[in-house]
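A note on names: the letters A, B, ... follow the listed sequences, proteins ahead of strands, and every chain is numbered from 1. Note that the coordinates shown come from a computational prediction; the quantities given were computed from them, not determined experimentally.
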Amino acid sequence: MTLYARFAAHIDAVLDSLVAAGDLPEGLERRNVTVEPPRDPSHGDLSTNAAMVLAKPAGTNPRALAEKIAAGLGAIDEVVSAEIAGPGFINLRLAESAWRGELQAIADAAGDYGRSDQGRGITVNIEYVSANPTGPMHMGHCRGAVVGDALASLLEYAGNTVIREYYVNDAGGQVDVLGRSAHVRYREALGEAVGEIPEGLYPGDYLVPVGQALAQEFGDTYVAAPEGEWLALFRTRAVAAMIVMIKDDLALLGIHHDLFSSEAELQAAGKPEAAEAELRSRDLVYDGVLERPKGQTVEDWEPVELPLFRSTQFGDDQDRPIRKSDGHWTYFGADLAYHYQKAQNADELIDIWGADHAGTVKRIQAAVAALTHGKTRFDVKLVQMVRLLRDGEPVKMSKRSGNFVTLADVVEEVGKDVVRFTMLTRKADAQMDFDFAKVVEASKDNPVFYVQYAHARIRSVNRKAAEAGIVCGAVDLSLLDAEDLAVVKLAAQFPRIVEAAALSREPHRVAFYLGDLAAAFHALWNLGNDRPERRFLLANDAPTTCARLFLANAIGQIIVNGLAIMGVAAVEEMQ
RNA sequence: GCGCCCGUAGCUCAGCUGGAUAGAGCACGAGACUUCUAAUCUUGAGGCCACAGGUUCGACUCCUGUCGGGCGCACCA
């Protein structure tokens with residue numbers, strides 16, 4: 001059990017004893033009781049708000065209650081002092097042995113330090129990327145891919161069972177366009193001079209091999225045939241090829257989904273009909289006519305009766321059609337059924353979307369709330385745009401000509417780990433710049449470098465110690481002093497950072513924490529510049545060196561664990 | 001016109017899902033170092049948390065309104 005978890009239990013036990021003694025009523029809600037490091041270190045090592053949270057429901061005042069709680073906490077062995085401060089905070093000062101113990105715990109747990117059972121028994125389905133299968137991955141998809149994948153790892157680390165899912169939109173008009181584009185390339189492969197790819201089709205040359213494969217397989221059978229004879233076939237083949245390509249691109253980032261769900265198969269299996277029937281039976285789908293959209297003129301608008309989902313009952317501002325007037329499912333209609341399906345195989349759902357889809361969040365949340373009777377937690381994480389820069393200048397992209405920056409190009413240029421880390425250095429819903437020069441810069445301004453450098457230093461000092469003939473057996477941690485233990489205090493927070501990040505679905509917190517931890521380590525290291533006795537490696541003092549290496553390796557372990565959540569490998573040395 | 005996201009130091013951003021005197025980096029001021037424990041270090045200044053109300057022991061955080069920026073607004077995905 002980690003230090004913070006142990007103290008949460010300590011507080012619980014003290015509260016129990018107060019209940020038993022009749023000083024507190026039974027059954028008080030303790031969910032808001034926290035144990036945290038105080039923002040100001042002079043307040044002590046740990047702080048709890050228990051008295052303030054419980055005073056009111058207990059019908060007493062915070063200071064009086066704090067007295068009793070503090071008395072109980074003060075009796076614990078590893079607590080040096082328990083003081084009441086401010087409006088009723090209880091500040092604890094811990095014995096140094098507590099931090100040495102935690103340091104040992106980090107070493108013992110190693111790769112598992114920070115793992116939590118907070119999510120045990122809860123299966124979370126996280127759907128991310130889900131780019132249309134009409135071309136290779138470009139940088140527009142990159143951030144959502146990384147955020148989704150890191151969030152999935154984070155949830156696993158926090159104890160959840162995770163399903164990583166990709167929704168393949170292979171049923172709409174866009175894949176028809178893909179099929180027609182493939183047909184052009186097919187004719188080209190058979191020797192026809194097709195010239196410019198016609199406006200409205202996909203011009204990218206990634207379809208050339210698809211056309212060649214089709215030519216190889218079918219000869220000239222479909223060259224002059226009417227579209228009806230080949231469209232479905234070509235569409236299917238092209239989509240399959242695109243999925244292969246997308247999987248390859250994702251693999252470059254170390255991303256592997258557990259499940260690719262096809263919209264076409266979903267529809268073929270009648271899932272939308274089933275969802276519609278369910279909702280109609282509860283009068284949540286009805287046939288109605290939408291009002292003319294306000295604030296903008298729609299040329300060919302005419303009132304049409306459509307099957308509408310009552311999303312307004314769940315906070316949306318308009319009911320939403322689930323079928324088009326031609327009888328086909330709308331994207332929303334199919335997506336609603338898709339989420340219904342996901343909810344049947346998971347306890348909680350997460351979607352990672354581009355911010356340009358923000359307008360459709362409410363309706364899908366409404367749908368999930370309706371279909372699961374409000375029982376399934378469902379978060380939509382909106383991921384903001386990334387502006388690509390090269391030395392401060394925006395990188396020009398033209399989607400029309402197919403001249404976009406592909407994910408594969410970027411990964412090749414700066415590397416998977418740099419891409420992944422950088423994508424997590426901002427809150428997902430904040431815009432960010434990605435400057436090819438800055439992300440690989442070797443300076444402390446670059447968090448990717450700074451964190452990796454800390455780890456490399458730790459590996460390096462181990463190598464140097466070995467070269468100096470220092471061999472560590474049993475390590476005496478009492479040789480670590482307050483300055484050393486200050487870093488341990490930060491290290492000890494890793495487990496609660498993981499838990500909080502998982503609960504709030506914010507993987508960027510891990511990146512920021514690692515930056516803080518690396519900074520603390522570098523600061524400790526830098527003490528050795530002016531004070532040689534503070535160096536990690538002391539050639540004539542093996543016991544102290546070993547104790548400090550033990551500390552360094554614990555920090556290194558946490559960096560490794562944190563980077564693993566982010567899907568980034570720790571380096572042994574720089575360059 | 002409506003909805004969503006955002007507004008924190010000159011700049012780029014954190015702020016542990018309501019806690020104590022709001023933090024970091026860059027840039028700026030002052031000092032140190034000339035170094036392989038290298039790819040700097042120490043320190044200072046810098047704030048009406050857009051604005052105005054409300055909720056409560058306590059608000060950057062939650063609620064309402066205003067201002068400002070971005071995105072999206074019939075059966076497109």
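When the P atom is used for both A59(B) and C2(B), the distance is 32 Å, rounded to whole Å. When the P atom is used for both C62(B) and G19(B), the distance is 11 Å, rounded to whole Å. Here, A9(B) and A24(B) have their C1' atoms 11 Å apart, quoted to the whole Å. When the P atom is compared between U8(B) and G69(B), the two are found 14 Å apart, to the nearest whole Å.
Judged by atom type and distance alone, T330(A) does not reach the base of A77(B) through any side-chain donor-acceptor pair under 3.5 Å. R323(A) contributes no side-chain N or O that forms a donor-acceptor pair with the base of C75(B) under 3.5 Å. Under 3.5 Å, the side chain of D40(A) and the base of A22(B) form no donor-acceptor pair of N or O atoms.
Base engagement by R496(A) is indicated by at least one non-hydrogen atom pair under 4.0 Å involving a base atom. Within the 4.0 angstrom heavy-atom criterion, base atoms lie near P87(A).
Annotation: cation-pi pair R548(A)/F536(A) absent, no NZ/CZ under 6.0 Å from the ring centroid and within 45° of its normal.
Less than 6.0 angstrom separates the ring centroid of F434(A) from the ring centroid of F436(A).
Here the nucleotide nearest the side chain of H43(A), chosen from A20(B), A77(B), A14(B), is A20(B). Distance from the side chain of K427(A) is smallest to A14(B) among A77(B), C60(B), A14(B). Looking at the side chain of K362(A), the nearest of the listed nucleotides G15(B), G25(B), G3(B) is G3(B).
Remark: A50(B) base-pairs with U66(B). Criterion, Watson-Crick or G-U wobble with two distances under 3.5 Å.
Across all non-hydrogen atoms, the minimal contact from A85(A) to N91(A) is CB-ND2, 3.5 Å.
Checked for salt-bridge contact, D484(A) and R534(A) meet the test: a charged N lies under 4.0 Å from a carboxylate O.
Here H357(A) packs flat against the base of A77(B); its ring centre is closer than 5.5 angstrom to the base's six-membered ring, tilted by less than 30 degrees. Aromatic stacking of Y453(A) on A39(B): not satisfied for centres closer than 5.5 Å together with planes under 30 degrees.
Neither side chain, Y167(A) nor D351(A), offers a donor N or O lying under 3.5 Å from an acceptor on the other.
Annotation: of the two residues near RNA chain B, A442(A) and D433(A), the 5′-most nearest-nucleotide partner is D433(A).
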